[in-house]
Every structure is written in structure tokens, then in C-alpha cells.
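First listed ligand is number 1; within each ligand, the first listed atom is number 1.
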Amino acid sequence: MYDIIIVGAGPAGMTAAIYARRAAKSVMVLEAVNYGGQILNTPDIENYPAEAHISGFDFSTKLYEQAKGLGAQFVFEKAVGIKDVNGKKTVVTVKNSYEAGAVILATGSANRKLGLEDEDRLVGKGVSYCATCDGNFYRKKVVAVVGGGNTALEDALYLSDIAEKVYLIHRRDNFRGEEANVSRLTEKNNVEFIYNSNVTRLISDKRLRAIEITNKLDGSVRTLELSGLFVAVGRVPENRNFADLVRLDDAGYVEAGEDCHTSCEGIFVAGDNRTKTLRQLVTAAADGAMAATEAVKYLNNI
Ligand code: NAP
């Protein structure tokens, strides 16, 4: 029996662990894959206060060591559900079940897919969702990045230093990501911007060989011969396993305000998987602090 179980060891979950441990609560952090979450894929974080430059890996490792050093227990098992019986929460994982007085859902989000035929089969054979993980396999090759947010822009920047050529394909004619990233990309002479276009077909044998893109404005179709396609079209919240207990919005985010309370007493939410307007490292950390503080208040009052 723990005071607080935190589901997810990304920046939100690990910050929550720090705050909960500093309030002297027993804490288990459940994580399905690796500590760090989405930020692990960012090669250089430049917008976290007081850290002008730090890699996502170094940031995550520092946070993990801080939480662990304060006594949070990390267990690497995927949580598949929660039961709430008379206020006592049971978190069920693929292997075990664990009891707690309060739960913080900090599960973040997963890569959105393009939904194209053969997309799943070609993962690791030309299709990737992580430029920093797989970019090195495409040294001096031709690649494309699809998407218009910060992830796509950062991926294109990262790949432009490795690959021979990078196509950046976006479905509109202006980017959602930061202008600073766009202007850096315009200075690269091996990056070609392709606007108003969707990837409509993956052409492959055993590996990806080319993609077909369709211009939304005039319907014209172009084939790009390439070795790698990096898909960076956003994320989908990982809340399906908790939908019977906490209310989700139409897009699948846990409904919660800045206080991180969910529709179920004693269950809190922190980070990218909750309804919010700005999903950033700094707001994930802020959510972690808030959710843990609210969970501690809740436990002290029952
Ligand atoms: P995002 O900001 O949601 O952008 C997703 C992009 O993919 C959008 O440009 C969207 O187009 C496009 N898109 C969505 N579905 C598509 C589809 N089916 N086909 C083609 N294009 C599609 O996602 P993100 O870039 O992963 O970023 C997620 C959050 O993390 C953002 O808040 C971002 O600022 C943040 N982030 C921060 C950093 C950093 O601070 N260093 C780094 C990476 C990400 P539309 O624009 O037309 O909707």
C-alpha cells in the first residue's frame, strides 16, 4: 500500500514524485517503457528555465536520479487499469496490482500515425517516429519529415546535419512550431520545404523506397525517392485504460483544470494527457508539482 501511485515517469510524473516525497508520502512510480517519456527524443532543450542547453536524455536522467534519491520507488510495469473501491485505489499492471490512497495519471501521449497502408510493417524499415533514435541510420541518405509542429521542425534540423537531403512536408503553408526553428531551417541548403501536401502512399519492397505526396490545392501527385520517412504529426493521449473511471474530452484528454483534479476523487492528472492549452516541458513539470500537492492535501483530509 502506497500513499501515492504515479502512473508515468515523464517530466510530469517524476516532478510529482519529487513533490510527494518531499511531503513525506510513500510513492511508487509505474512506467511502461523508460523514464523520461517524450522529452527523451529531444536532442537539445533550449526553453527550460535556467538550462540554456540540455539533452532530453540528460534532463530525464537528472530528474530520475533526483526523484529516486528522494525515495520514490520506480517499477517498470505497464498500468492497464485502476479500480476505485470505497476510495481505495488499486492500480492493475500487466503483472501485479498495487494499492494506493491517491493516484496521479501522468501517462503523456503516444505518436500519432499517418494511417497509411504498410505504415506499421515499415517501422524500422524506413518509417520512424523518432529522429534522434534512428537518424544515424540515414547518414548521407535522402529522408523526409512530415508534420508542422516543433517536433517536425526539430527533427528536420537534426536530420539536416546527418542526411544528404531532407524534405519537410507539411499539410498547410505555415508552421505551427516556433519561428526560431523555421528560420534556422531556411538557412540549411539541404532542406526542401513542401507545403500544402499530404503523404498519400508508401512505396516499398522489403523497405521503404519512395513516398507519394499529393498537393491539397491542385491535386497534383509527386513521387519522392528516399530511404527514410520521419513521421512527426503530433501525439495522442494515453488515457484509454482509465476511461471508465475519469472523464475524457472528445480528443481523449483527461478533463481537468489547473488544479489537476479529475472527475474521480483521489485521482489526479499531470502533463500532456490532460486538457490544457500549452503542452511543454515546463508546464508538465508545473502540473507534476500541482498534482502532487493536491494529492497530498487530499490524503491529509481523508
Ligand atoms: P503538434 O504541435 O500537435 O503538431 C503536429 C503537426 O502535425 C501539426 O503541424 C499538424 O498539422 C500535423 N498533423 C497532424 N495530423 C496530421 C496528419 N494526419 N497528416 C499530416 N500532418 C498532420 O505536435 P508536436 O510537434 O509533436 O508537438 C507536441 C507538443 O510538444 C507541442 O506543444 C510542441 O510545442 C511541444 N514540443 C516542444 C518542444 C520544445 O519545447 N523543445 C519540442 C517538441 C515538441 P496542422 O498544423 O495543420 O494542425
Identified side-chain hydrogen bond (donor to acceptor under 3.5 Å, both in side chains) counterpart of S204 within the set K125, R121, R209
R121

Taking the ring centre of each residue, are Y64 and F74 less than 6.0 Å apart?
yes

Ligand 1 contacted by N47 (non-hydrogen, < 4.0 Å)
yes

Has H170 got any heavy atom lying under 4.0 angstrom from an atom of ligand 1?
yes

The atoms of ligand 1 lying under 4.0 Å from a heavy atom of G149, numbered in the order shown, are 2 (O), 4 (O), 6 (C), 9 (O), 25 (O)

If you compare E46, R279, R171, K113 by their heavy atoms, the one closest to atom 10 (C) of ligand 1 turns out to be R171

Test your reading of the model: is there a side-chain donor-acceptor pair from T93 to the backbone of N96, 3.5 Å cut-off?
yes

Y19 atom OH, over 12 foreign heavy atoms within 6.0 Å:
no

To which protein heavy atom is atom 19 (N) of ligand 1 closest, and what is the distance rounded to 0.1 Å?
L114 CD2, 3.9 Å

May I ask which of S109, A232, A284, G148 has a heavy atom nearer to atom 9 (O) of ligand 1 than the others do?
G148

Provide, to 0.1 Å, the distance between atom 48 (O) of ligand 1 and the closest protein heavy atom, together with that atom's residue and name.
R176 NH2, 2.6 Å

Are F193 and F175 close enough, and set up right, to give a side-chain contact (heavy atoms from CB on, under 4.5 Å), and what steps lead you there?
CA-CA 11 Å; F193 293 79; F175 289 103; 3.6 Å; yes

Could you tell me whether R201 and E119 make a salt bridge, using a distance below 4.0 angstrom between a side-chain N and a carboxylate O?
no

Heavy atoms from other residues, nucleotides or ligands near CD of E51 exceed 12 (cutoff 6.0 Å):
yes

Hey, is ligand 1 close enough to R172 that some N/O pair sits below 3.5 Å?
yes

Should one rank V236, T151, T277, D173 by closest heavy-atom distance to atom 25 (O) of ligand 1, which comes out on top?
T151

Has K216 got a side-chain atom pairing as donor or acceptor with R171's backbone, closer than 3.5 angstrom?
yes

For atom 3 (O) of ligand 1, the protein heavy atom that lies nearest, with its residue and separation:
G234 CA, 4.1 Å

Any nitrogen or oxygen of E154, main chain or side chain, under 3.5 Å from a nitrogen or oxygen of ligand 1?
yes

With respect to I194, which candidate in L168, V199, I213 satisfies the side-chain contact (heavy atoms from CB on, under 4.5 Å) definition?
I213

Closest to atom 33 (C) of ligand 1 by heavy-atom distance, out of K276, R112, Q280, Q38, is Q280

Closest protein heavy atom to atom 20 (C) of ligand 1, given as residue, atom name and distance to 0.1 Å
V233 CG1, 3.7 Å

For N150, which part has a heavy atom under 4.0 Å from ligand 1: side chain, backbone, both, or neither?
both

